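Here is the structure we will look at, set down as structure tokens.
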Amino acid sequence: MRDSTTSEPWRVGVLFSSSGFMAVIEDTQLRGTLTAIDEINDAGGINGRPIEPVLYDPASEALAFGRYAKKLMVEDGITTIFGCYTSSSRKAVLPVVERLNGLLWYPTLYEGFEFSPNVIYTGAAPNQNSVELCRFLMERYGKRFFFVGSDYVYPRESNRIMRELVHHNGGQVVGERYLDLRAKRSDFLPVVRDIKDAMPDVIFSTVVGDSTVNLYQAYAELRLDPKTMPIASLTTTEAEIRAMGFDVGEGHITAASYFQGIDSKRNLNFVKRYKKRYGDDQDTNMCLEAAYFQVQIFAKALERANTMDTEILRPSILGSEIEAPQGKVSVNPLCGHTDLWTRIGCANRRGEFDLVYESQAAVKADPYLIGYGRSIAFG
Ligand code: ACM
């Protein structure tokens with residue numbers, strides 16, 4: 001595979017849903033990926049060769065991700081894949097890349113407690129979002145939490161961690177509900193009524209995709225007040241806020257490594273380029289940003305390795321540092337997860353997040369929460 005004389009493109013797989021109930025966020029990850037690829041190609045490609053994306057649309061079906069990953073690797077002869085939002089889609093791709101020794105670049109926050117030599121994780125692990133979010137919510141709003149989630153692995157596991165955090169820090173979980181990934185607004189109304197009865201201090205949502213919009217709209221319809229009982233989330237980004245309406249999103253809380261409003265020259269340029277390409281009313285978000293910078297990390301590593309052979313490319317990726325729109329990040333060589341910034345934002349009337357917390361630098365990825373010992377009290 002090592003050949004410096006060819007001008008053939010470097011072919012990579014791209015798996016994000018452009019249709020179905022996850023497209024609201026996955027389509028932005030697709031855009032982030034393609035933006036980075038185009039920028040690299042416009043600058044001359046990698047060692048004189050352009051990157052060629054081979055795209056499939058898994059249409060929000062987790063098992064389709066596994067099928068397309070296999071097709072990419074077996075039929076299209078591709079070894080590197082950028083893709084997946086839901087943890088269930090990542091779990092469907094894992095056995096494929098592990099068996100065929102491929103590399104999945106995964107740009108989404110997730111529940112942690114996973115390691116694969118065939119995955120580079122560029123979204124946040126729980127120590128980079130949940131821990132600080134829990135501390136902030138308890139200090140600002142109170143200690144009684146109500147959990148609402150979509151019914152799959154990420155929400156259940158993320159809530160397991162949040163419950164431990166809440167309990168070990170003197171709080172209480174007063175309710176917990178899981179709804180189908182396709183849940184409608186009418187499905188959320190009885191849940192929000194139960195929340196109203198339970199009167200928690202904060203609602204922790206692990207609802208994803210279109211149903212995020214439905215949860216927040218049901219909350220607004222029943223006239224709960226984010227000033228006293230906000231919905232807090234790790235997944236509600238600028239994209240979902242735009243879809244639900246800025247007035248509906250206002251006052252709710254999200255923990256993320258990146259928000260569109262980060263006030264740095266690098267980020268302002270990134271947002272400007274993105275809006276020029278997709279339109280002024282299109283926003284960046286944490287999942288899009290990770291999808292963007294992970295292609296840049298890949299490009300630098302590929303330039304050094306000059307081969308798509310996973311055995312040679314992976315060591316060239318581990319330890320990579322890059323100035324991303326969120327700030328300087330690096331791929332932690334111990335665990336293949338990325339050291340990322342921790343931020344907490346409160347959505348405002350313009351659909352942007354006002355920062356209420358920001359780490360001083362990237363936080364080391366600790367996907368197994370080893371740094372917290374047996375009881376995950378605040379560090
Ligand atoms: C997720 O499913 N990792 C958000």
Side-chain angles (χ1 to χ4, degrees), residues 15-17 20-30 32-33 58-66 69 81-94 97 104-116 119-131 133 147-162 178-183 204-216 231-241 243 253-258 285-291 294 335-338 340 342 365-369:
L15 294 181
F16 295 109
S17 303
F21 53 88
M22 292 310 303
V24 62
I25 188 68
E26 290 190 33
D27 205 37
T28 74
Q29 292 180 301
L30 176 60
T33 306
S60 305
E61 295 300 334
L63 294 180
F65 282 82
I81 299 170
F82 300 97
C84 300
Y85 175 92
T86 64
S87 289
S88 36
S89 64
R90 185 190 71 258
K91 298 268 187 208
V93 170
L94 261 179
V97 288
L104 170 69
W105 292 77
Y106 179 56
T108 311
L109 71 114
Y110 86 111
E111 62 280 3
F113 292 85
E114 186 181 285
F115 166 78
S116 169
V119 181
I120 301 293
Y121 303 80
T122 59
N127 77 298
Q128 295 166 315
N129 52 17
S130 298
V131 174
L133 179 63
F147 293 169
V148 189
S150 300
D151 197 2
Y152 73 104
V153 57
Y154 156 72
R156 287 187 180 268
E157 283 299 295
S158 181
N159 279 342
R160 182 180 60 76
I161 294 160
M162 190 56 97
Y178 294 94
L179 286 88
D180 189 88
L181 275 157
R182 294 170 185 77
F204 178 54
S205 164
T206 45
V207 172
V208 299
D210 280 346
S211 47
T212 306
V213 173
N214 298 327
L215 165 65
Y216 285 65
I231 303 176
S233 162
L234 311 172
T235 46
T236 303
T237 75
E238 290 84 345
E240 290 85 355
I241 296 275
I253 309 286
T254 295
S257 297
Y258 171 88
N285 65 65
M286 63 165 130
C287 300
L288 180 162
E289 189 247 4
Q294 68 175 13
C335 59
H337 289 60
T338 308
L340 298 168
T342 298
D366 181 5
Y368 288 88
L369 294 170

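Here the structure is a predicted model, which is why all the values come from computation and not from measurement. Both ligands and their constituent atoms are indexed starting at 1 by order of listing.
There is no side-chain donor-acceptor pair under 3.5 Å between Thr206 and Glu111.
Of the polar atoms of Glu111, none of the N or O atoms is found under 3.5 Å from an N or O of ligand 1, judged by distance alone. Checked by distance only, ligand 1 and Tyr152 come closer than 3.5 Å through their nitrogen or oxygen atoms. Close N/O approach between Tyr106 and ligand 1 is found [any backbone or side-chain N/O within under 3.5 Å].
Closest of all the heavy-atom pairs between Gln29 and Cys287 is NE2-CB, 3.4 Å.
Residues satisfying the salt bridge (charged side-chain N to carboxylate O under 4.0 Å, His left out) test with Glu61, not counting sequence neighbours, are Arg182. Legend: residues meeting side chain to side chain contact (heavy atoms under 4.5 Å, CB included) with Glu114, ordered by chain and number and at least two apart, are Arg90, Lys91, Leu94, Tyr110, Tyr121.
None of Asp366, Leu340, Leu109 except one satisfies the side-chain contact (heavy atoms from CB on, under 4.5 Å) rule with Gln128; the exception is Leu340.
Only side-chain heavy atoms of Tyr154 come within less than 4.0 Å of ligand 1; its backbone N, CA, C and O stay farther off.
Atoms of ligand 1 lying under 4.0 Å from at least one heavy atom of Tyr110, given by number and element, are 3 (N). Applying the 4.0 Å criterion to heavy atoms of Tyr85 picks out, from ligand 1, the atoms 1 (C), 2 (O), 3 (N), 4 (C).
Distances from atom 4 (C) of ligand 1 to the heavy atoms of Ile25, Thr206, Leu109 show the closest one on Leu109.
Proximity of Phe82 to Thr122: side-chain heavy atoms (C-beta onward) are nowhere separated by under 4.5 Å.
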